[in-house]
Number of protein chains: 4
Amino acid sequence: MVARMHHSASPRKGRTGRPRSVETDHAILRATRAALVDLGWGRLTMSDVAARAGVAKTTLYRRWANKNELVVDAVAVLFDELELPDRGCLQSDIEGVVLQFGALLARPETKTALMAVVAESTTDEALRERIRSAIVDRQKRLVVLGRERAQQRGELPPDDTGPEGELAAAQAVGLIFDVIAGAIVHRTLVTAEPVDPAWAHQFSTVLLAGLRGLS
Amino acid sequence: MVARMHHSASPRKGRTGRPRSVETDHAILRATRAALVDLGWGRLTMSDVAARAGVAKTTLYRRWANKNELVVDAVAVLFDELELPDRGCLQSDIEGVVLQFGALLARPETKTALMAVVAESTTDEALRERIRSAIVDRQKRLVVLGRERAQQRGELPPDDTGPEGELAAAQAVGLIFDVIAGAIVHRTLVTAEPVDPAWAHQFSTVLLAGLRGLS
Amino acid sequence: MVARMHHSASPRKGRTGRPRSVETDHAILRATRAALVDLGWGRLTMSDVAARAGVAKTTLYRRWANKNELVVDAVAVLFDELELPDRGCLQSDIEGVVLQFGALLARPETKTALMAVVAESTTDEALRERIRSAIVDRQKRLVVLGRERAQQRGELPPDDTGPEGELAAAQAVGLIFDVIAGAIVHRTLVTAEPVDPAWAHQFSTVLLAGLRGLS
Amino acid sequence: MVARMHHSASPRKGRTGRPRSVETDHAILRATRAALVDLGWGRLTMSDVAARAGVAKTTLYRRWANKNELVVDAVAVLFDELELPDRGCLQSDIEGVVLQFGALLARPETKTALMAVVAESTTDEALRERIRSAIVDRQKRLVVLGRERAQQRGELPPDDTGPEGELAAAQAVGLIFDVIAGAIVHRTLVTAEPVDPAWAHQFSTVLLAGLRGLS
DNA sequence: CTTTAATCGAGACGGTACGTCCGGTCTTATG
DNA sequence: CATAAGACCGGACGTACCGTCTCGATTAAAG
């Protein structure tokens, strides 16, 4: 008899009892991000989040199974702000999104939380799945979109048609995403140096040359 | 009353009392890795490590300031196993080291620990420094070495001479390292798919094309 | 906005809206006793009682202010079963009622609940009053009745007439009640040995000798 | 693997590690009584006791399995203060000890706690045993002593010799203890009226007459 | 037959204590 | 001195229960 956890897509027709407050959800997520900024992942506590949100600890646990899942959701919405600017050419587009992503990772609430939940996810399959669906897969759209736009401009050759062409395209998207996201994360969190315009330019130059070499 | 912490290089002449057992160090680090394998970072406890090593908790804290630093050291030695094979051409060399790095990150003790300590390091300057010195900087040698070897073979142009040339070279090493390490980490931990020969080949193809585009 | 609480004797004319179900009251009290048997006072929960009674928690709290008051009422009705048998002589009458009382306190629902609510009553005046009116005072009738019957039989001297005589009689009733009820409760709950015929006989012998010494 | 709980009689020779502080034991028991006075059983919390004692909650749980056992021990020592005064005749002796017992039960720390733990003991065999050994059995000495003294004075007949005589004496002690303790507890906690000299006199008169009727 | 004002089941909610766990320090006795 | 053992403080964890609240759905009696 597993408790129903969070976010049933349907508006739960036929359900009885007092409905969950939707605003409470947002208040909790907001409070979580604020706590991340102030305290960082390591010192963030559920009690503190509850207090900031003006909510009982029970309410947190009724909606999220644990700290990790809460933090993933709290951070995930920030990633949805990313978008692919149309700056006229592929290199500029890449530089733009790299800078955005770098700026996002530089924010204390993402910096401290992202790697922590990824680390936990190595021993928690449910968490890994939540990260993938809430963050990773949602951002691959940027790569797909950039690729399409460049193909329309003629900067990249069109996809091969047919099933093996689609497979190759999907693999390419995965690889490129790993390279872009990985490099930015590594620079920000491990090397601990900023993703500034100069770096973004250098990186996108390398990447673009690499992409041309793919085909 | 600051405790003298760990690893004075000199055999500290003139000190009296019972000396620390060197074998104990290795036993603790071994126990730490074993605990990481069994429990993962999140569930690993100092008491458990102490018990596995047949040692008192006191002994741990006399040698490492806290859990994070212990784990960094326990994992760091694994990275020293990496080496750059000479397979005759740059692309093969890259593929070789990518596969090694991928295999290393696939091991449970690194997978679970690395991102965790990186996450902690965002709010712990001392820890960040220890990660850099114990892991990151030590592995940049691979990039430097591979670059030199490729230059000798004529696969890459020689560095510009003069101070601004050296600076550019250092920057390039940093960038390349972020790209390689970042991509592998991201594929392993976030995308959660294996770094196999096919991926290594595709990745090194892109990277090599990118490198040629750098100059 | 004080809620109207429970058991207005009058059928409250002039009120509209759906009336409370009377059967629900009994179902709840029955469920409470069942829960006491199964769980004991300490582990009994309001949710559990509600579930057993097939009723919402709200319904409980609409009728009783809190757990303590509910339990007092649930247990109180059991005490009304006590009666003074006419066995022909005072000593036999006492033995009879002692055995009845002993049997009642041996039942798990009273055993576990009675002392608990008494304990709570030390810091809850309303609860103490409810216990007194629902249980204690109602059972003093047994002492009064037995006394009268014995006086009619000539086993005890008649009360002194006049105000000071009545006072003395009331005091005597109080004392005797404390002795009887106290001894049985203590034997059952503290000494934890049964109130069997042998003990009842010995006790009533002592008590009767004591009573004769009173006058 | 049950943890060793509290008060091994032996001074535990051959044990290693930091020994438990004995003073801490007393500080905790003192704090518990203070909390009982201020808050009563129902509102007393382990955290509060720990804070009052200047001790971590862990330390409490290392020594007592739960709140109930702690409170029993905290209250038990108070009962050891009771003693049988030698006032020259049995009735006076009884009155003296009744008043003492009444005064003890009137204290907030005993009043609120005693019945609560007795109530819990109905569903907790270990607790019942602890109450018996820590409180009940220790106070039976008063009955035994008073009886002996009265026999020496010739106020009561000597015990029958022989095994059945001893059994009868033991039973009598049990009965008398139930009557005395029960009556005082009932008057104090249920009837909620004071055990004053007048009541003590009346009660002891009845009791004494009853005792004479026993033989 | 509608209106009205309550009751009812379900369950979310704020609050608070529970008993457990762990990090890191301190105190013993023994090398 | 180092060491093993384990007590200790502090504080977060996730659970449980109390008593309140908010829903939508009933249900009797009054109009």
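Proteins come first, then strands; the chains are lettered A, B, ... in the order of their sequence lines, and each starts at number 1.
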Pairing residues for Thr122(C) by the side chain to side chain contact (heavy atoms under 4.5 Å, CB included) criterion, not counting sequence neighbours: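 For Thr122(C), the residues satisfying side chain to side chain contact (heavy atoms under 4.5 Å, CB included) (neighbours in sequence not counted) are Lys111(D), Thr112(D), Leu189(D).
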message: So, using side chain to side chain contact (heavy atoms under 4.5 Å, CB included) as the criterion, who are the partners of Asp124(A) when residues are at least two apart?
response: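 Asp124(A) satisfies side chain to side chain contact (heavy atoms under 4.5 Å, CB included) with Ala126(A), Leu127(A) once adjacent residues are dropped.
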message: Quick check: closest heavy atoms across Met46(D) and Leu60(D), and the distance to 0.1 Å?
response: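 Closest heavy-atom pair between Met46(D) and Leu60(D): O-CD2, 3.6 Å.
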query: If you take all heavy atoms of Trp41(A) and Ala113(A), which pair is closest and at what distance?
result: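 Nearest pair, atom of Trp41(A) first, then Ala113(A): CB-CA, 4.4 Å.
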Could you list the donor-acceptor pairs under 3.5 angstrom formed by side chains in residues 48-57 of chain B, with sequence neighbours left out?
unit_1, atom_1, unit_2, atom_2, d
Asp48(B), OD2, Arg52(B), NE, 2.6
Arg52(B), NH1, Asp38(B), OD2, 3.0
Arg52(B), NH2, Asp38(B), OD2, 3.2

For the pair made of [atom1] in [X] and [atom2] in [N], what is the distance, rounded to whole Å?
X	N	atom1	atom2	answer
Glu23(A)	dT22(F)	CD	P	16 Å
Lys67(A)	dA12(F)	NZ	C1'	8 Å
Trp64(A)	dG14(F)	CH2	P	15 Å
Arg63(C)	dA6(E)	CZ	P	15 Å
Tyr61(B)	dT27(E)	OH	P	17 Å
Leu60(D)	dA17(E)	CG	C1'	14 Å
Asn66(A)	dT15(F)	CG	P	9 Å
Leu70(A)	dC13(F)	CG	P	11 Å

Return the [atom1] to [atom2] distance between [X] and [Y], rounded to the nearest 0.5 Å.
X	Y	atom1	atom2	answer
Lys67(D)	Thr45(D)	NZ	OG1	7.5 Å
Thr32(D)	Leu70(D)	OG1	CG	3.5 Å
Glu69(B)	Arg63(B)	CD	CZ	15.5 Å
Ser121(A)	Arg130(A)	OG	CZ	13.0 Å

- request: Please list residues of residues 39-46 of chain B whose heavy atoms come under 4.0 Å from any atom in DNA chain E, ordered by number; otherwise none.
  value: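 Contacts with DNA chain E under 4.0 Å: Leu44(B), Thr45(B), Met46(B).
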- request: Taking only Lys NZ, Arg NE, NH1 and NH2, and the carboxylate oxygens of Asp or Glu, determine whether Arg128(A) and Glu120(A) approach each other closer than 4.0 Å.
  value: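 Here Arg128(A) does not pair with Glu120(A) in a salt bridge, since their nearest N and O are not under 4.0 Å apart.
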field: Residues in contact with DNA chain F, drawn from residues 112-120 of chain B - heavy-atom cutoff 4.0 Å
entry: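 Result for residues 112-120 of chain B: none.
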Give every pair of a protein N or O atom and an N or O atom of nucleotides 4-6 of chain F that lie under 3.5 Å apart, one pair per line with the distance.
unit_1, atom_1, unit_2, atom_2, d
dA4(F), OP1, Gly54(B), O, 3.3
dA4(F), OP2, Ala56(B), N, 3.0
dA4(F), OP2, Thr59(B), OG1, 2.8
dA5(F), O4', Thr16(D), OG1, 3.4
dA5(F), N6, Thr58(B), OG1, 3.1

